[in-house]
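Being a predicted model, the structure only gives us computed values, none of them experimental.
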Amino acid sequence: MSRAPVVRAVTALAVIAASLFIALSMSPRLGLDLRGGTQLVLETRDSPTVKADAAATDRTLEVLRRRADALGVADAPLARSGERRIIVELPGVQDPTKAAEVIGKTAQLTFHPVLAAPDPASGTKPGKGEQILPDDRGLPVQIGPAALTGDGVGDAAAGIDPQQGTAWFVTVDFRDSGRAAWAKLTGEAACAQPGDPKRRVAIVLDDKVIVSPQVNEDVACNVGLPGGSTQITGDFTAEEAGDLALLIKGGSLPVPVEIIEQRTVGPTLGSAAIAASGQAAVIGIVLTALFIIVTYRLVGLIAAAALACYALISYAALVGLGATLTLPGLAGFVLAIGMAVDANVLVFERAREEYAAEPVLRSALEKGFRNAWSAVADSNITTLLAAGLLFVLASGPVRGFGVTLSIGVIASLITAMVITRVLAQWAVSLPAVTARPGITGLSGIGRVRTWLNTHRPDLMGRRAVYYAVAGVLVAVSMAGIAVRGLDFGVEFTGGRLVEYTTSTPMTADAARELVGRAGFPNAVVQSSDDGISVRTGQISPPEVVRIENALESEGAQVVKERDELIGPSLGEELRRNALIALGVALLAQLGYLAFRFRWTFGLATVLALVADVAVVIGAFAWLGKPIDGVFLAAMLTVVGYSVNDKVVVFDRVRELWGARPKAPFGEVVNTAILQTVPRTVNTGLGALFILAALAVLGGDSLTDFAVALLIGIVVGTLSSALVAGPLAIELERRKPGTPPRPKGRRLARPREGSGAVV
């Protein structure tokens with residue numbers, strides 16, 4: 001007896017036990033869009049002396065980490081992205097102004113000798129390497145070349161003199177490399193008389209003198225302050241002393257940095273998103289489970305149990321890998337639940353066919369798993385291609401969608417091909433079940449298949465009608481793009497998007513008038529039930545405060561829930577990457593299908609995909625919905641899902657054509673489409689339950705995501721049968737190919753080893 005079932009059972013138990021342990025012992029890492037906080041994306045720039053390469057960016061990252069610690073954000077996640085970008089996450093930091101000022105400040109910190117205090121009317125010109133800058137009191141000082149940089153600073157802290165009570169100072173500790181330079185700088189300054197500007201030392205931050213203290217009278221000439229620590233005194237408030245210590249402690253950045261992206265999300269918005277996605281997941285799982293139980297009875301009940309295992313395995317994988325769970329990632333997790341049904345449906349439909357040919361439950365189920373594997377593998381690989389492109393080419397939270405979708409696809413394979421298989425084979429082996437095959441759901445081919453077998457409609461005989469309908473849909477979509485245009489979100493155009501909730505409802509016209517009075521007449525203002533969104537160009541944090549004050553001027557209480565800033569260069573890059581992602585996705589699917597099937601099938605699929613993509617984009621143009629990163633995630637998912645459906649059709653075409661090489665190719669395609677209709681309908685309904693729940697409960701951004709997928713899945717399902725199939729017939733007619741070789745029966749041979757297969 002083969003050990004394969006035993007090995008599968010042990011593997012299934014091990015996977016479930018490990019997933020349960022991880023789920024109970026570890027907590028998920030939530031992205032900032034779910035827990036609230038600020039994310040900054042900085043890009044390093046070349047300085048006159050240093051090139052902004054990977055090494056300089058890594059050194060910059062360490063300085064930024066010290067600043068994040070000084071902000072009170074323990075273990076703030078910082079990571080280099082590419083060669084010149086740094087992603088900084090500051091959980092709980094809701095004030096992007098302070099975060100940007102401290103974290104993103106270029107902070108070329110230097111210490112200079114003061115040469116003179118020139119009269120502004122004298123027209124004094126600084127010499128080589130010298131500068132004339134206003135000091136901390138606004139008076140001009142002439143400073144010499146830098147004698148010490150922030151790299152020589154080890155630490156800095158604000159303190160207060162307990163005897164005076166209100167005299168704040170800043171203590172600066174120097175590293176070994178900075179002690180000698182500081183002693184030399186202060187020793188030379190001490191040679192000047194008290195009150196002479198030359199007795200001062202200027203501490204400069206980004207060409208601005210932040211403080212210029214005088215060296216105390218008790219410091220000896222040419223001796224200076226030899227210790228590793230010094231105090232800067234002055235008329236500081238507690239906040240001023242703290243900020244000065246913070247900037248000095250942060251040190252110099254090796255190269256300048258520029259903030260090219262900023263996202264701030266309030267914690268209440270994240271909590272609402274988690275709650276909404278959780279409700280959508282529960283509703284989607286329940287509806288999908290009920291549907292599959294009604295359709296497939298006992299094996300459907302087993303698949304529903306495996307679906308719960310799938311959710312557990314996916315969650316455990318996300319937590320165990322330390323993946324960051326974002327809002328689009330939650331959508332990917334919920335969506336993959338519907339897609340996980342696909343493998344089960346493929347197997348059960350194939351098992352029904354095998355039972356009709358040979359009415360033996362266990363044999364039919366085993367053949368169903370074995371013969372469906374090709375379509376299951378191909379359809380999931382195409383989805384993984386789309387998810388991989390999202391991870392490589394997308395940015396921000398959308399990458400989280402690619403991660404969760406990939407994990408979901410892999411988890412669905414494990415649950416369908418291992419867990420469902422173990423449970424279903426055990427169930428159909430029970431004597432009570434064997435005696436009543438009708439309760440399994442496999443003994444009949446179903447009403448849809450029975451009707452199709454009886455009537456055998458000639459779908460491929462109306463190809464001209466399908467071409468005309470597809471052409472009209474594409475033309476209408478293109479007209480929408482031409483007439484209405486595409487509403488590119490701030491992510492692709494650059495600019496700032498701020499979302500507020502208001503205590504009292506406010507119309508878009510009223511909010512637009514208030515924002516216009518604040519000095520932003522060209523801002524795009526939209527309203528919802530209890531919120532206002534304002535989209536503008538590149539505006540500063542103080543200008544955002546002006547908008548907020550203007551909205552509050554009518555007496556409503558305004559709370560900022562989201563603040564996103566995208567630099568123009570990043571917006572252009574993201575827009576370019578979106579086009580590249582779609583193009584590469586289509587080429588990757590063409591290449592894979594040409595490799596696995598034949599080039600005619602691949603080309604027919606890609607042409608149908610182009611029509612699918614055009615219809616979805618056109619629908620968003622007519623509806624006036626934004627084209628942003630979440631839409632990109634939806635489009636690539638549509639590509640993966642649509643190809644998934646077409647792979648199943650062409651996999652059956654390949655099988656039937658190999659078995660009936662003399663039959664007309666059009667008849668083969670027609671038969672293959674009729675045979676795969678039950679799978680297509682059942683899988684599509686499983687996904688539609690999930691997407692409908694997301695559309696209703698998911699909030700504005702996830703609603704748009706769900707709408708794009710709903711349109712894409714419906715259009716993609718229809719195009720598989722009515723566009724891709726007819727196109728394959730036309731291409732084969734113009735360039736006839738050789739039918740594939742039929743699958744021959746393998747001859748039995750002596751068993752070697754255990755024969756165990758997972």
Side-chain heavy-atom pair [X], [Y] within 4.5 angstrom cut-off:
X: E354; Y: V360; result: no
X: W451; Y: P457; result: yes
X: S429; Y: T434; result: no
X: T420; Y: V347; result: no
X: E353; Y: K367; result: no
X: I414; Y: Y310; result: no
X: R8; Y: Q425; result: yes
X: F291; Y: T288; result: no

Taking all heavy atoms of [X] and all of [Y], pick out the closest pair and write down the distance.
X: G320; Y: M26; value: CA-CE, 4.3 Å
X: A351; Y: L442; value: CB-CD2, 4.1 Å
X: F348; Y: A303; value: CE1-CB, 3.8 Å
X: A9; Y: V422; value: N-CG2, 3.6 Å
X: V418; Y: A12; value: CG1-CB, 4.0 Å
X: G712; Y: V616; value: CA-CG2, 3.7 Å

Suppose the criterion is salt bridge (charged side-chain N to carboxylate O under 4.0 Å, His left out): which pairs have a residue in residues 278-293, not counting sequence neighbours?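 Every candidate salt bridge (charged side-chain N to carboxylate O under 4.0 Å, His left out) pair involving residues 278-293 fails, so no pair, neighbours aside, qualifies.
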Going by the salt bridge (charged side-chain N to carboxylate O under 4.0 Å, His left out) test, which pairs reach into residues 607-620, not counting sequence neighbours?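 Salt bridge (charged side-chain N to carboxylate O under 4.0 Å, His left out) check on residues 607-620 returns D612-K646.
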Begin from the C-alpha positions of V638 and V613 and carry the test side chain to side chain contact (heavy atoms under 4.5 Å, CB included) through to its verdict. CA-CA 8 Å; V638 166; V613 170; 5.6 Å; no
Give a yes or no on whether the backbone of [Y] and the side-chain of [X] come within a donor-acceptor separation of less than 3.5 Å.
X: W622; Y: V476; answer: yes
X: T295; Y: I292; answer: no
X: S314; Y: A311; answer: no
X: S443; Y: I439; answer: no
X: R352; Y: G444; answer: yes
X: N670; Y: M460; answer: yes

Carefully, step by step, assess Y355 and T440 under the rule side chain to side chain contact (heavy atoms under 4.5 Å, CB included). CA-CA 11 Å; Y355 186 88; T440 63; over 6 Å; no
R660 atom CZ, over 12 foreign heavy atoms within 6.0 Å: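 Yes, CZ of R660 has more than 12 neighbouring heavy atoms, counting only those of other groups under 6.0 Å.
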In terms of heavy-atom contacts, does CH2 of W426 have more than 12 from other residues, nucleotides or ligands at under 6.0 Å?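 Incorrect, the count does not exceed 12.
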Give a yes-or-no answer on whether the side chains of R652 and T676 include a donor-acceptor pair shorter than 3.5 Å.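 There is no such pair (donor and acceptor under 3.5 Å, judged by atom type) between the side chains of R652 and T676.
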Do we see a donor-acceptor contact under 3.5 Å between the side chains of T671 and R456?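 Per modelled atom types, T671 and R456 side chains form a pair under 3.5 Å.
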Could you give the distance from [atom1] ([X]) to [atom2] ([Y]), rounded to the nearest 0.5 Å?
X: R362; Y: L430; atom1: CZ; atom2: CG; result: 10.5 Å
X: L346; Y: F369; atom1: CG; atom2: CZ; result: 11.0 Å
X: T605; Y: D645; atom1: OG1; atom2: CG; result: 10.0 Å
X: I673; Y: L452; atom1: CD1; atom2: CG; result: 11.5 Å
X: R350; Y: W373; atom1: CZ; atom2: CH2; result: 15.0 Å
X: S412; Y: I419; atom1: OG; atom2: CD1; result: 11.0 Å

Pairs flagged by side-chain hydrogen bond (donor to acceptor under 3.5 Å, both in side chains) wherever residues 462-471 is involved - sequence neighbours left out: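 Only R463-E730 qualify under side-chain hydrogen bond (donor to acceptor under 3.5 Å, both in side chains).
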Evaluate side chain to side chain contact (heavy atoms under 4.5 Å, CB included) for Q675 paired with E349, printing each intermediate quantity in order. CA-CA 9 Å; Q675 290 183 359; E349 287 297 327; over 6 Å; no
Show your working on side chain to side chain contact (heavy atoms under 4.5 Å, CB included) between V15 and I313 and close with a plain yes or no. CA-CA 8 Å; V15 170; I313 293 169; 3.6 Å; yes
For the residue pair F601 and F665, categorise the inter-ring angle as parallel (less than 30°), tilted (30 to 60°) or perpendicular (more than 60°).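 Ring orientation of F601 relative to F665: parallel.
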